[in-house]
Amino acid sequence: KAGVTQTPRYLIKTRGQQVTLSCSPISGHRSVSWYQQTPGQGLQFLFEYFSETQRNKGNFPGRFSGRQFSNSRSEMNVSTLELGDSALYLCASSFRVTGELFFGEGSRLTVL
Amino acid sequence: DQQVKQNSPSLSVQEGRISILNCDYTNSMFDYFLWYKKYPAEGPTFLISISSIKDKNEDGRFTVFLNKSAKHLSLHIVPSQPGDSAVYFCAARPNSGNTPLVFGKGTRLSVIA
């Protein structure tokens, strides 16, 4: 069974640009969550989607957005990038909303 | 406000000895707790979990203890091996409702050969 796939794995952007990250969940998993990991801050919850609906949203500014498609694949977008957005963005899928999370390897974003 | 706290950013242990990683939580609604392990350049992987109806759960070398009155849980690794060197995240969630996992900041464990 293929795991959670995130693309791209690494990317470099400059301040003010926008970025789109993609996540393909494990086949059959309908819930996708996104987390931001920065040094010293652990894993901070961004949002969670289930069957194309955003179920939960973390405490991040509106520059952070996401969506889920009918095939459960998900994308997150960050607009008007700031230096502080440099982080590892992790996607996780689960069979149901309250199920165990399976994480991808992450997309490491560097903002210059 | 940090609802899940891992107050030790790092821990060093000799190979073969016990590693004890601690986690405190503040939200009394949390009743399901998990530990994840993360190696560099990889995503976190699930290690072990415990429900609030239990005070201990064991899986091989890994044991999680839950003290509900103290809102404290700990992960014991016995014996520790160099391959256990990783960042360990504690996570918690209420068992009811569709609420996401809340993670601590992690503890970096180094097992020295």
Side-chain angles (χ1 to χ4, degrees), chain A residues 2-10 21 23-26 29-51 53-60 66 74 87-109, chain B residues 1-10 21-27 29-52 57 59 62 64 75 86-109:
Chain A
V4 177
T5 304
Q6 291 188 246
T7 56
R9 290 290 314 279
Y10 302 92
L21 308 177
C23 173
S24 293
I26 292 172
H29 285 192
R30 297 165 62 190
S31 175
V32 174
S33 303
W34 289 89
Y35 287 83
Q36 181 197 64
Q37 185 191 7
T38 53
Q41 291 300 315
L43 298 172
Q44 295 188 289
F45 173 73
L46 281 157
F47 20 68
E48 178 178 40
Y49 289 88
F50 184 81
S51 294
T53 301
Q54 187 180 86
R55 290 278 184 137
N56 291 290
K57 189 176 190 305
N59 189 25
F60 277 82
S74 178
L88 180 67
Y89 290 88
L90 290 160
C91 170
S93 75
S94 63
F95 181 68
R96 53 189 175 90
V97 174
T98 55
E100 175 192 329
L101 293 181
F102 294 84
F103 283 87
E105 293 181 314
S107 293
R108 182 163 295 283
L109 170 65
Chain B
D1 179 33
Q2 198 77 14
Q3 297 185 69
V4 177
K5 300 178 184 178
Q6 293 178 256
N7 292 319
S8 298
S10 62
L21 295 93
N22 294 303
C23 178
D24 297 294
Y25 61 98
T26 57
N27 189 336
M29 297 299 291
F30 289 153
D31 56 5
Y32 188 61
F33 305 90
L34 306 88
W35 286 92
Y36 280 79
K37 179 166 83 170
K38 186 181 184 301
Y39 293 117
E42 294 183 13
T45 55
F46 170 74
L47 192 57
I48 192 168
S49 64
I50 188 168
S51 167
S52 61
N57 188 26
D59 183 2
F62 302 90
V64 56
L75 174 68
V87 177
Y88 290 79
F89 291 98
C90 173
R93 172 178 62 213
N95 213 16
S96 59
N98 299 320
T99 51
L101 277 178
V102 178
F103 284 83
K105 293 185 178 183
T107 296
R108 181 177 300 279
L109 173 65

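Note that the structure is a prediction, hence the values are computed from the model and not measured. Chain naming here is simple, since letters A, B, ... match the order of the sequence lines and numbering starts at 1 in each.
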**Student:** List the residues meeting salt bridge (charged side-chain N to carboxylate O under 4.0 Å, His left out) with B:E42, not counting sequence neighbours, and say none if there are none.
**Tutor:** none
**Student:** Looking at A:Q37, A:Q6, A:R9, which has the largest count of heavy-atom pairs under 4.5 Å with chain B?
**Tutor:**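 Ranked by heavy-atom pairs under 4.5 Å with chain B, first place is A:Q37.
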**Student:** Is it the case that the side chain of B:Y36 and the backbone of A:F103 share a donor-acceptor pair, with hydrogens and angles ignored and the cut-off at 3.5 Å?
**Tutor:**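 Between the backbone of A:F103 and the side chain of B:Y36 there is no qualifying donor-acceptor contact (under 3.5 Å).
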**Student:** Any idea which heavy atoms bring B:T99 and A:N56 closest together, and the distance?
**Tutor:**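 Distance-wise, the nearest heavy atoms are CA-ND2, 4.1 Å.
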**Student:** For A:L90, which atoms come within 4.5 Å of any heavy atom of chain B: side chain, backbone, both, or neither?
**Tutor:** side chain
**Student:** Could you check which of B:P100, B:G106, B:S49, B:A91 has the highest count of heavy-atom pairs closer than 4.5 Å to chain A?
**Tutor:**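 Looking at each of B:P100, B:G106, B:S49, B:A91 in turn, B:P100 comes out on top.
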**Student:** Determine whether A:L88 and B:K38 satisfy the following criterion, side chain to side chain contact (heavy atoms under 4.5 Å, CB included), listing intermediate values before the conclusion.
**Tutor:** CA-CA 13 Å; A:L88 180 67; B:K38 186 181 184 301; 3.8 Å; yes
**Student:** When rounded to the nearest 0.5 angstrom, what is the spacing between CG in B:L34 and CG in A:L101?
**Tutor:**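 Spacing of CG (B:L34) from CG (A:L101) equals 8.0 Å.
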**Student:** Heavy-atom cut-off 4.5 Å, strictly under: side chain, backbone, both or neither for A:F47 against chain B?
**Tutor:** neither
**Student:** What part of B:P9 is in contact with chain A, defined as an atom under 4.5 angstrom from a non-hydrogen atom: side chain, backbone, both or neither?
**Tutor:** neither
**Student:** With A:Y10, which residues qualify under ring pair (Phe, Tyr, Trp, His ring centres under 6.0 Å), at least two apart?
**Tutor:** none
